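These numbers come from the heavy atoms of this one structure, side chains and all, not from hydrogens, waters or symmetry mates. Bear in mind the structure is a predicted one, so any value in this text is a computation, not a measurement.
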Amino acid sequence: MEKIDNPQEIYFSKMGMDTVLVILNDEVVNPKWNREPHDVGVDETITLEDIQKQFPYPGLLVIAESPLSGAIYRWGNYSDMAWWQVGTMAGYA
């Protein structure tokens, strides 16, 4: 396990083909993505901090996959109420 000290720096992008699943109390919930204007188009992004603000409930689980890698994060599951990376995956490619 690795503690995430700066959850605002861990971000995911729809344009980067990231898939984010948020699981709260054994139920999959849909987070609201942020729309970011760019030179070529519009991307939608989200950070771990954004997810925590939308769902401020202990035991939050986030599964994030990109084409070549993935990670599993947990928030509020331990006494320090911090984000932890609790697993990694090979991605969905």
Side-chain angles (χ1 to χ4, degrees):
M1 287 192 330
E2 177 183 342
K3 185 175 182 179
I4 306 297
D5 292 321
N6 298 310
Q8 70 277 8
E9 294 178 3
I10 306 293
Y11 75 95
F12 311 101
S13 162
K14 283 191 176 181
M15 193 174 275
M17 297 174 47
D18 294 331
T19 300
V20 176
L21 294 174
V22 177
I23 301 172
L24 178 61
N25 296 328
D26 297 329
E27 186 176 325
V28 177
V29 292
N30 294 317
K32 182 178 178 189
W33 290 67
N34 304 312
R35 293 182 60 84
E36 304 278 334
H38 291 285
D39 294 336
V40 179
V42 176
D43 190 9
E44 293 180 76
T45 62
I46 195 165
T47 67
L48 287 178
E49 184 178 60
D50 294 332
I51 294 169
Q52 176 187 339
K53 287 179 181 177
Q54 289 180 42
F55 308 103
Y57 308 105
L60 191 61
L61 179 71
V62 173
I63 301 172
E65 287 186 287
S66 66
L68 299 177
S69 65
I72 303 168
Y73 301 95
R74 242 209 215 271
W75 179 77
N77 200 46
Y78 309 105
S79 61
D80 61 0
M81 295 299 284
W83 279 103
W84 289 83
Q85 182 177 337
V86 297
T88 59
M89 300 177 294
Y92 56 79

Just jot down the salt bridge (charged side-chain N to carboxylate O under 4.0 Å, His left out) partners of Lys14, sequence neighbours excluded, or say none. Glu44
Check whether the side chains of Ser13 and Asp43 place a donor and an acceptor atom closer than 3.5 Å, and report yes or no. yes
Decide if atom OH of Tyr78 counts as having more than 12 heavy atoms of other residues, nucleotides or ligands within a radius under 6.0 Å. yes
Would you sort out whether Glu9 and Ile4 count as a side-chain contact (heavy atoms from CB on, under 4.5 Å), showing the intermediate values? CA-CA 9 Å; Glu9 294 178 3; Ile4 306 297; over 6 Å; no
Would you find a donor on one side and an acceptor on the other, under 3.5 Å apart, between the side chain of Trp75 and the backbone of Met81? yes
Go through the structure and list residues passing side chain to side chain donor-acceptor pair (under 3.5 Å) with Ser69, not counting sequence neighbours. Ser66
Identify which one of Leu61, Val22, Val62 satisfies the side-chain contact (heavy atoms from CB on, under 4.5 Å) criterion when paired with Tyr73. Val62
Are Val20 and Val29 linked, directly or through other ILVMFWY residues, by side chains that come within less than 4.5 angstrom of each other? yes
Across all chains, not counting sequence neighbours, the side chain to side chain donor-acceptor pair (under 3.5 Å) partners of Thr19 are none
Can you pull out every salt bridge (Lys or Arg N to Asp or Glu O under 4.0 Å) where at least one residue sits in residues 76-87? Sequence neighbours excluded, please. Lys3-Asp80
For Glu2, enumerate each residue passing the side chain to side chain contact (heavy atoms under 4.5 Å, CB included) test, keeping only those at least two apart in sequence or located in another chain. Gln85
Does the side chain of Thr45 reach to within under 4.5 Å of the side chain of Arg35, using non-hydrogen atoms? no
Members sharing Tyr11's hydrophobic cluster, built from side-chain contacts under 4.5 Å between Ile, Leu, Val, Met, Phe, Trp and Tyr, are none
Pairs in or reaching into residues 16-26: which pass salt bridge (Lys or Arg N to Asp or Glu O under 4.0 Å), with residues at least two apart or in two chains? none
Does Val28 share a hydrophobic cluster with Val86, counting links as ILVMFWY side-chain heavy atoms below 4.5 Å and allowing steps through other members? yes
Start with the C-alpha distance between Trp83 and Leu60, add both sets of side-chain angles, then the distance that settles side-chain contact (heavy atoms from CB on, under 4.5 Å), and finish with yes or no. CA-CA 9 Å; Trp83 279 103; Leu60 191 61; 3.9 Å; yes
Return each pair, listed once, that meets salt bridge (Lys or Arg N to Asp or Glu O under 4.0 Å) where at least one residue sits in residues 63-78; pairs must be two or more places apart or across chains. none
